[in-house]
2 protein chains.
Amino acid sequence: MTREARTLGSFLREHREALREDDSSYSLRQVAERVGIQPSYLSQVERDVAPSLPAEETLVRLAHELELDPDLVLAMAGKVSSDLREVILQRPQLFAELLRDLRTLPDHALMRLVREVRDGDW
Amino acid sequence: MTREARTLGSFLREHREALREDDSSYSLRQVAERVGIQPSYLSQVERDVAPSLPAEETLVRLAHELELDPDLVLAMAGKVSSDLREVILQRPQLFAELLRDLRTLPDHALMRLVREVRDGDW
DNA sequence: TGTCATGTATAGTATTTACTGAACACTCTA
DNA sequence: TAGAGTGTTCAGTAAATACTATACATGACA
């Protein structure tokens, strides 16, 4: 279950440090290198003091590196995955109406809808 | 019915000129003034040669001015309305799954789903 | 024939975004 | 006690974004 980690930075740091308990290669510097950014920047990001949030591609690489759901990590940075954006842009009016109607639907009802759509009841 | 206007610029120009047939106040200059941008910029936008697309707020004001659906105008500029983004960001994983499942659903099935959700069957 | 409104061309600009790079302080350990 | 690895500080920067401002050319029309 995902805990309540209010900010992107604390969330990332928390998960990196959890991974590091079993694997010392999850130091800030090594993760930064594997992700392809400067340690200084990752340090700022993890402390929520970066002058700007990482780009979508960077966040996705970070998510994979830390075994996190990219959609969740992107959301904590206030971003929506570009492939989801594409889905909406193909039929903006239909999806706009649908999303606005689903906005207030409780989680359990939304999950049921997802399940039925997935099962091909649509 | 909305015609096939491939680009944002031609779409906007087409609709402005349609409105102008009945109302001479829909000149490029006057629309630009009411929307709050320079005529030079609107001219570029309508000819698809602007160095950058208008911001979301500007597009929404333009859409209202030209009596167009803001979601459609935004989509033609490759943008998703920020209120829709908010809806997704509240429950990113649920909506990510739902949208990816709905991506290939034919229009008529999607419309049926929208209708049933609206009717409170969910 | 002046002036008014129209659309257009082009250069410039303020702000935001997404980082980099060099240096610094600390700990551990060989 | 030198070296390696750790995280952090902070100034700087390249590119993109969203425009503005000024000037220009054209046609209507009084």
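Naming convention: chains lettered A, B, ... in sequence-line order (proteins, then strands); numbering from 1 in each chain.
Considering only side-chain N and O atoms, B:Arg20 lies nowhere under 4.0 angstrom from the phosphate OP1 or OP2 of C:dT6. Residue B:Gln38 has a polar side-chain atom (N or O) positioned under 4.0 Å from OP1 or OP2 of D:dA21. At the phosphate of C:dT8, OP1 or OP2 sits under 4.0 Å from a side-chain N or O atom of B:Arg13. Dashed line: the shortest gap from a side-chain N or O of B:Arg47 to OP1 or OP2 of C:dA9 is under 4.0 Å. Taking only side-chain nitrogens and oxygens, B:Arg16 never comes nearer than 4.0 Å to OP1 or OP2 of C:dT6. A close approach under 4.0 Å does occur between a side-chain nitrogen or oxygen of B:Gln30 and OP1 or OP2 of C:dT6. Between B:Lys79 and D:dA18 there is a side-chain polar atom (N or O) within less than 4.0 angstrom of OP1 or OP2. Dashed line: the shortest gap from a side-chain N or O of A:Ser43 to OP1 or OP2 of D:dT8 is under 4.0 Å. When the side-chain nitrogen and oxygen atoms of A:Ser27 are compared with OP1 and OP2 of D:dT6, one or more of them lie within a distance under 4.0 Å.
In this structure, a donor-acceptor pair under 3.5 Å is absent between the side chains of B:Arg20 and B:Ser24. Looking only at atom types and distance, the side chain of B:Ser10 has a donor-acceptor partner in the side chain of B:Arg6 under 3.5 Å away.
As rounded to whole Å, 16 Å separates atom P of C:dA18 from atom CG of A:Asp48. Rounded to whole angstrom, the span from the CZ atom of B:Arg61 across to the P atom of D:dC19 amounts to 8 Å. Distance B:Arg29 CZ to D:dA23 P: 14 Å, rounded to the nearest Å. The CD atom of B:Glu46 sits 8 Å away from the P atom of C:dG7 (whole-angstrom rounding). Protein atom OH of B:Tyr41 is 18 Å distant from nucleotide atom P of C:dG7, rounded to whole Å. Remark: P of C:dT8 and CG of B:Leu42 are 9 Å apart, rounded to the nearest angstrom. For the pair A:Leu74 CG and C:dA18 P, the computed distance is 12 Å after rounding to whole Å.
Of the charged side-chain nitrogens involved, at least one lies within less than 4.0 Å of a carboxylate oxygen, so that A:Asp83 and B:Arg100 count as a salt-bridged pair. A salt bridge between B:Glu65 and B:Arg34 is present, with a side-chain N of the basic residue lying under 4.0 Å from a carboxylate O of the acidic one. A:Arg61 and A:Glu57 are not joined by a salt bridge, as no carboxylate oxygen comes within less than 4.0 angstrom of a charged side-chain nitrogen.
Residue B:Ser52 has its side chain nearest to D:dA18 when only D:dG7, C:dT8, D:dA18 are considered.
When heavy atoms are screened at a 4.0 angstrom cut-off, A:Ser40 is found touching base atoms of the nucleic acid. Here A:Gln44 lies in heavy-atom contact (under 4.0 Å) with a base.
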